[in-house]
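Notes follow the structure.
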Amino acid sequence: MADESLNNISLKALVNKGSNRVIFIESGHEFIDVLISFLTLPMGTIIKLARNHSAPLGIGCMKNLYASVKDIDVQHFRTNCWDMLLSPRNGAGPIVENLEMNIDDCDNTRFFRCSNGPCWTPTRLSYYNTVPCRCGNLMNIAVDVYAKAGHEVFVKGPVRLIISDDLQVLPPETSVSSSLLKKAGAMDSNTIEELSLDIGADEVFNLLMCSFVSKTPLTDIFLKRRPRSMFNKNIGTQQISINSRMIEEARNMYSEANEIFVKLIVSKSKNVVCYAEAGEDFVNLLFSFLMLPLGFILKAARDVCLKGCIDRLYKSVRNLDGRLWKSDTRKELVVRPKPSPGFCYQNHPLGIEEASNVLGDQAEIVDPLSQYYEDENEDSSLGFLKGPAMFMVTDSLVVSSISPILGLSVLNDMNVPITDVEVQTVHVGVEEAFGLLVASFGCESAALTSVFLRR
Ligand SMILES: [Zn+2]
């Protein structure tokens with residue numbers, strides 16, 4: 001991953017010599033911007049990066065959704081739209097390309113057009129080279145729309161901020177630094193040491209991965225301490241609590257005209273979901289989690305007991321003084337991050353708003369969910385999968401085509417006799433959709449059980 005053209009970032013850290021822990025880091029906008037940009041990364045991008053680096057990923061069951069998109073027969077997809085789930089575009093668009101260091105290997109300044117001249121007016125561009133144009137050709141000729149220029153992205157240039165070991169971005173005030181020193185029990189200069197750090201793309205990537213599993217990622221990465229919690233078994237089922245305002249907003253946007261119902265195959269004695277039988281509407285919902293930015297999920301998850309500290313990064317950034325930001329719009333990109341235009345389908349139970357077209361009036365971006373091959377007027381609001389179809393979804397969110405033999409083998413693996421099984425039909429509305437989103441992020445297994453049986 002480490003792109004040789006990228007410059008390393010130099011930082012100063014204050015370390016507690018006794019406990020060998022980072023007390024805090026002081027940094028200019030270069031590193032703060034990189035840290036803040038984590039919140040704009042779509043979940044599919046984070047999982048893709050972890051897979052490319054064979055890094056253990058402490059993100060619940062969402063990695064199983066990603067693997068399912070890869071494994072499921074392409075014939076189930078309505079269009080060549082799997083790219084948008086496996087390699088989603090950042091909703092903050094080409095802006096993140098100005099970061100001093102960008103760990104996302106997707107070039108957000110690159111678009112594609114068709115080779116057929118008459119199709120160029122008005123200018124129509126696609127995110128992926130697998131999307132067909134209305135003329136029948138693939139839109140596969142690369143067009144770079146922005147020149148990259150390294151400069152401040154989210155916070156103002158001259159500002160120096162404090163980053164605590166648990167990734168809180170804090171104002172550079174004496175009260176803040178002294179409170180961190182007190183907390184660390186480092187009260188005199190004998191116990192404190194100043195350390196110069198040179199951070200490259202590998203450290204930034206490791207920091208992101210570590211932030212999902214550790215409360216002390218700076219110490220773990222820069223003092224090379226193996227995170228204690230890295231290989232701990234997860235919390236399992238947990239109480240899920242959702243941002244009620246987001247539920248309210250989504251309810252106002254969502255029409256229950258196309259209600260989603262799912263059949264749960266439940267073990268009566270264990271009170272767990274063995275698996276679910278669901279239509280394409282439910283699987284569309286689950287797959288759509290992959291194109292959502294990390295910040296969207298952290299905003300939705302209220303007081304969820306996460307193993308790591310990435311939620312603290314989100315909260316501290318949300319509370320950061322408005323005057324420190326480059327602009328209100330840039331703050332919105334992080335605090336209320338949205339998926340790229342065209343990435344969502346209509347009437348989504350999470351009430352998702354898409355980001356505005358980053359190309360403005362320059363070009364129309366072709367919706368990857370539209371399929372010009374078959375029917376010019378085909379409704380692109382239908383989601384990723386062809387319907388009607390039936391799928392099996394395990395409690396840890398592995399999705400596959402429905403198969404009674406596979407169903408029996410799941411029961412067998414769980415030691416659940418068929419006599420212990422009960423079928424429950426449940427409704428998936430706005431609240432359940434948010435519950436599933438947060439469970440897919442926070443629970444290593446038992447996502448369906450957490451949402452439908454343990455509330
Ligand atoms: Zn064309």
Side-chain angles (χ1 to χ4, degrees), residues 40 42 44-45 48 66 69-70 72-98 102 104-148 280-281 283-284 287-288 290-293 338-348 352-389:
T40 69
T45 300
K48 177 188 69 179
Y66 189 96
V69 172
K70 264 189 135 51
I72 225 160
D73 191 332
V74 292
Q75 292 189 31
H76 280 298
F77 289 96
R78 286 182 45 247
T79 67
N80 299 354
C81 61
W82 48 86
D83 280 337
M84 60 195 289
L85 299 169
L86 298 175
S87 191
R89 294 292 279 249
N90 190 318
I95 289 166
V96 292
E97 297 298 334
N98 290 322
N102 188 2
D104 186 357
D105 55 4
C106 159
D107 184 347
N108 286 286
T109 64
R110 176 153 288 187
F111 290 78
F112 298 89
R113 66 168 170 77
C114 148
S115 59
N116 190 5
C119 297
W120 298 353
T121 40
T123 315
R124 301 168 71 250
L125 298 174
S126 157
Y127 297 109
Y128 301 103
N129 58 8
T130 48
V131 173
C133 180
R134 59 189 163 196
C135 70
N137 292 336
L138 281 183
M139 303 181 77
N140 56 5
I141 296 176
V143 183
D144 291 322
V145 296
Y146 272 85
K148 293 173 201 171
E280 77 285 357
D281 47 2
V283 179
N284 275 330
F287 282 176
S288 73
L290 295 170
M291 52 89 189
L292 289 176
K338 296 170 183 168
S340 290
F343 272 66
C344 195
Y345 51 90
Q346 278 175 26
N347 198 29
H348 195 286
I352 293 165
E353 286 177 85
E354 292 175 349
S356 49
N357 179 358
V358 288
L359 303 178
D361 298 335
Q362 285 184 63
E364 174 199 342
I365 301 177
V366 174
D367 185 344
L369 286 174
S370 67
Q371 178 57 288
Y372 288 109
Y373 276 145
E374 288 169 6
D375 181 359
E376 181 81 23
N377 300 313
E378 205 206 331
D379 192 354
S380 66
S381 63
L382 293 170
F384 315 105
L385 299 162
K386 274 183 206 156

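We count ligands from 1, going down the list as the structure has it; atoms in each ligand are counted the same way. As the structure is a prediction and not an experimental result, all values here were calculated from the model.
- K338 has no carboxylate O lying under 4.0 Å from a charged side-chain N of E354, or vice versa, which leaves the two without a salt bridge.
- Between Y127 and F111, the ring-plane angle classifies as tilted under the 30° and 60° cut-offs.
- Around the Zn ion (ligand 1), the protein atoms of type N, O or S that sit closer than 2.8 Å are C114 SG, C119 SG, C133 SG, C135 SG.
- Taking the side chain to side chain contact (heavy atoms under 4.5 Å, CB included) definition, one finds that D105 meets it with K48, L49, N52, sequence neighbours left out.
- Side-chain N or O atoms of N137 include none that pairs as donor or acceptor with a backbone N or O of C114 at under 3.5 Å.
- Looking at residues two or more places apart in sequence or on another chain, you find a side chain to side chain contact (heavy atoms under 4.5 Å, CB included) between L86 and Y66, V69, K70, W82.
- With sequence neighbours left out, D104 forms a side chain to side chain donor-acceptor pair (under 3.5 Å) with no residue at all.
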